[in-house]
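The structure appears below as structure tokens.
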Amino acid sequence: MNSDVQEIKLHIEEEIGCYRELMAVVEQERAILLGGRHEELLACVERKISLAQHLGQVQEARRQAMSRISPDPDHPLRLRDLGMMLPSEERGPFRELLVKAQALAERLSQASSNNKAFVEEALDTVEHLLGILSGNGQGAGYGARGALKARAGTCPPRMLAREV
């Protein structure tokens with residue numbers, strides 16, 4: 001069991017490394033989006049996909065190692081449970097490792113969500129501008145007596161730029 005626990009710790013440390021690499025790629029992606037260097041985006045996304053696949057493989061290897069030491073196959077062992085099985089002098093460092101992995105995962109998720117929101121807003125802005133240029137987005141016109149009237153199906157005004 002001790003070798004399985006060491007293997008699990010190594011997998012968690014490898015997961016942390018993957019999270020750090022992914023975080024760097026997501027930050028690079030943000031810089032590309034904000035800088036308007038869209039030609040660099042494809043390579044960045046390919047790197048992100050590759051790292052995410054590697055992370056998935058590492059997590060699956062960790063889960064398999066954890067299932068080997070689970071006392072009940074119907075109820076898989078959780079990382080918290082594993083911490084309680086460790087000798088008392090190893091519990092603190094193990095908990096810190098888990099906290100670090102969780103914090104990085106949450107930070108990565110938030111950064112990815114921010115990038116997604118930025119891309120969606122940029123697409124909405126482009127769509128709105130195309131509507132204006134094609135005449136579909138004209139929001140108001142003048143009636144027969146010169147009164148301003150709104151057309152049905154108009155888009156609300158949107159910001160043309162946004163800082164993320």
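Along the sequence shown, residues carry numbers from 1.
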I want to check something: taking the side chain as every heavy atom from C-beta on, are [X] and [Y] in contact at a cut-off of under 4.5 Å?
{"X": "Leu123", "Y": "Glu127", "value": "no"}
{"X": "Gln57", "Y": "His54", "value": "yes"}
{"X": "Leu79", "Y": "Ile8", "value": "yes"}
{"X": "Glu14", "Y": "Arg62", "value": "no"}

Identified salt bridge (Lys or Arg N to Asp or Glu O under 4.0 Å) counterpart of Glu29 within the set Lys48, Arg37, Arg47: Lys48

Minimum-distance pair of heavy atoms, taken over all atoms of Ser70 and Leu77: OG-N, 3.6 Å

Rounded to the nearest 0.5 Å, what separates atom [atom1] in [X] from atom [atom2] in [Y]?
{"X": "Leu97", "Y": "Ile16", "atom1": "CG", "atom2": "CD1", "value": "4.0 Å"}
{"X": "Ile49", "Y": "Leu22", "atom1": "CD1", "atom2": "CG", "value": "11.0 Å"}
{"X": "Glu27", "Y": "Leu108", "atom1": "CD", "atom2": "CG", "value": "9.5 Å"}
{"X": "Met23", "Y": "Gln110", "atom1": "CE", "atom2": "CD", "value": "9.5 Å"}

Side-chain donor or acceptor of [X] paired with backbone N/O of [Y] under 3.5 Å:
{"X": "Ser109", "Y": "Ala105", "answer": "no"}
{"X": "Ser67", "Y": "Gln64", "answer": "yes"}
{"X": "Thr125", "Y": "Glu121", "answer": "yes"}

Could you give me the CA-CA distance, side-chain angles and deciding distance for Arg63 and Glu60, then say whether salt bridge (charged side-chain N to carboxylate O under 4.0 Å, His left out) is met? CA-CA 5 Å; Arg63 282 195 276 294; Glu60 182 57 32; 3.7 Å; yes

Decide whether Gln102 and Glu106 meet the rule of one side-chain donor and one side-chain acceptor closer than 3.5 Å. yes

Any side-chain donor paired with an acceptor under 3.5 Å for Glu7 and His11? yes

Going by the side chain to side chain donor-acceptor pair (under 3.5 Å) test, which pairs reach into residues 83-101, not counting sequence neighbours? Lys9-Glu90

Decide whether [X] and [Y] are clustered together by the hydrophobic rule: side chain heavy atoms of Ile, Leu, Val, Met, Phe, Trp, Tyr closer than 4.5 Å, transitively.
{"X": "Val58", "Y": "Phe94", "result": "no"}
{"X": "Leu98", "Y": "Leu10", "result": "no"}
{"X": "Ile12", "Y": "Leu51", "result": "yes"}
{"X": "Leu34", "Y": "Val45", "result": "yes"}

List the steps, then state whether side-chain contact (heavy atoms from CB on, under 4.5 Å) holds for Ile69 with Leu82. CA-CA 9 Å; Ile69 61 173; Leu82 179 63; 3.6 Å; yes

Quick one: side chain to side chain contact (heavy atoms under 4.5 Å, CB included) partners of Gln28, sequence neighbours excluded? Ile32, Cys44

